[in-house]
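Order of listing sets the numbers, starting from 1, for every ligand and every atom in it.
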Amino acid sequence: MKAIVCTKYGPPEVLQLKEVEKPSPRKNEVCIKIFATAVTASDCIIRGFNVPGSLWLPMGLAVGFTKPRQPILGIVLAGEVESAGSDIRSFKKGDRVFGWDLFPAFGAYAEYKCMPEKGMLAIKPANVTYEEAAAIPYGGLLALHYLKKGNIQSGQKILIYGASGAVGTSAVQLARYFGAEVTGVCSTTNLEWVRSLGASTVIDYTKEDFTNREGTYDFIFDAVGKRKSSKFQGKKALTPYGKYISVDDGSPKPHIDDLILLKELLEAGKMRPVIDRIYPLEQMAEAHRYVDKGHKKGNVVITVEHNKT
Ligand SMILES: NC(=O)c1ccc[n+]([C@@H]2O[C@H](COP(=O)([O-])OP(=O)(O)OC[C@H]3O[C@@H](n4cnc5c(N)ncnc54)[C@H](OP(=O)(O)O)[C@@H]3O)[C@@H](O)[C@H]2O)c1
């Protein structure tokens, strides 16, 4: 099968299109024919091994020190169940699915990938395309994890910093769904469409420092981890019992119920996928170059074409 192999850590050019062996499902696994994946911020961090010194050892132990132990990167996928192991009960051949498989599994930059039945895999909503489905799990699951961690409540005033990225666009929509009053912080060009996702107020970070709005927010979620000013300073904008959470606080381990909730919200039209650009698998290095710039709007999706047999 075709796959993008990460030959060593480094710039996007280390990603090369190769022929590799097609995986076969174990008894408890399904093999998915992938039609779409996405280039996430995490993929770029791993490809470049761009981690702060304190994470160098744990990251190296988890994924490999000189090159990724699993050379096929890619966390999210949307596709069709091509075959199922003998113990599989909840999926069958032909099911259209979407999901994610965080490190050290990866493997979605390929034509096929095997996943355990009990993994983060669900039936794809019928009202979205494979490309749209691939744009949901990463930002959606991370945003849901942190909003729940912050115990988001209806009626709260929440500020989402970095509202235009993959995590931010999901966080805005989910916070609205939970009944919060949302303020989104983004740059000038993104103000109007962040508002269209459900933010009742938008702040342009190039013109205003939100920390000047002292004592305003019940919950601040830094969805992009790029705030130049410190968390301490950011906390000034909180109400006395407010919470401040950054996407870089810990390693989230989402639950399958979270993916099911995202599926239901998509089906009900209460959440929509946000896609910036779409590249074919063969242009993976180009897609990484774009995501490396740190200014994508929502998600960068990759389509996987299969040769007709
Ligand atoms: N803790 C964990 O385990 C974990 C797991 C996964 C991801 N993460 C982190 O989550 C973060 C978010 O991922 P993502 O995929 O959502 O990122 P992303 O989509 O790459 O973020 C791009 C967006 O960030 C905005 N942005 C860039 N600089 C900004 C700034 N100084 N202030 C406000 N917004 C800014 C850009 O808007 P403009 O173009 O308008 O600037 C752009 O829309 C990543 O940094 C990743 O490392 C953490």
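- Under a 4.0 Å criterion applied to the non-hydrogen atoms of Y146, ligand 1 contributes the atoms 1 (N).
- Tested against K296, the residues I275, D276, V39 include a single side chain to side chain contact (heavy atoms under 4.5 Å, CB included) partner, D276.
- A donor-acceptor contact shorter than 3.5 Å is absent between the side chain of Y112 and the backbone of K22.
- Residue A223 approaches ligand 1 through these ligand atoms, each under 4.0 Å from one of its heavy atoms: 11 (C), 12 (C).
- For D248, there are no side-chain hydrogen bond (donor to acceptor under 3.5 Å, both in side chains) partners, not counting sequence neighbours.
- Annotation for ligand 1: atoms under 4.0 Å from non-hydrogen atoms of G165 are 16 (O), 19 (O), 21 (O), 22 (C), 23 (C), 43 (O).
- Q173 places no side-chain N or O within donor-acceptor distance of the main-chain N or O of L197, the cut-off being under 3.5 Å.
- Residue G162 places no N or O, backbone or side chain, under 3.5 Å from any N or O of ligand 1.
- Residue G225 has no N or O atom closer than 3.5 Å to an N or O atom of ligand 1.
- Those atoms of ligand 1 with a heavy atom of G250 less than 4.0 angstrom away are 1 (N), 2 (C), 3 (O).
- Checking side-chain atoms of N127 against main-chain N and O of L266 turns up a donor-acceptor pair under 3.5 Å.
- No side-chain donor-acceptor contact under 3.5 Å links T183 to the backbone of V202.
- Proximity of a side-chain donor or acceptor of D95 to a complementary backbone N or O of V97 within less than 3.5 Å is not detected.
- The closest non-hydrogen atom to atom 42 (C) of ligand 1, taken over K293, K297, K296, K253, comes from K296.
- Those atoms of ligand 1 that come under 4.0 Å of a heavy atom in S187, given as number and element, are 38 (P), 40 (O).
- Within ligand 1, counting atoms from 1 as listed, the ones closer than 4.0 Å to a heavy atom of Y161 are 30 (C), 31 (N), 32 (N), 33 (C).
- In this structure, T239 contributes its side chain and Y217 its backbone to a donor-acceptor pair below 3.5 Å.
- Among the atoms of Y205, some N or O lies under 3.5 angstrom from an N or O of ligand 1.
- Neither the backbone nor the side chain of T189 has a heavy atom within less than 4.0 Å of ligand 1.
- Within the 4.5 Å cutoff, side-chain heavy atoms of L191 are placed close to those of C186.
- In terms of N/O distances under 3.5 Å, ligand 1 is not approached by D249.
- In A166, the parts holding a heavy atom less than 4.0 Å from any atom of ligand 1 are both the side chain and the backbone.
- Residue-ligand proximity: G298 is placed with a non-hydrogen atom under 4.0 Å from ligand 1.
- Remark: among candidates T188, L141, T40, V247, the nearest residue to atom 10 (O) of ligand 1 is V247, based on non-hydrogen atoms.
- A cation-pi contact, defined as under 6.0 Å to the ring centre and within 45° of the axis, links K124 to Y130.
- For ligand 1, the atoms closer than 4.0 angstrom to any heavy atom of P252 are 2 (C), 3 (O).
- Each of the following atoms of ligand 1 lies closer than 4.0 Å to a heavy atom of I45: 47 (O).
- Ligand 1 lies out of reach of G139, whose nearest heavy atom is not under 4.0 Å from it.
- Side-chain atoms of S200 and E181 form no donor-acceptor pair, as typed in the model, at a separation below 3.5 Å.
- The side-chain hydrogen bond (donor to acceptor under 3.5 Å, both in side chains) check on R272 picks up S196, with sequence neighbours excluded.
- Taking any N or O of V167, backbone or side chain, at least one lies under 3.5 Å from an N or O belonging to ligand 1.
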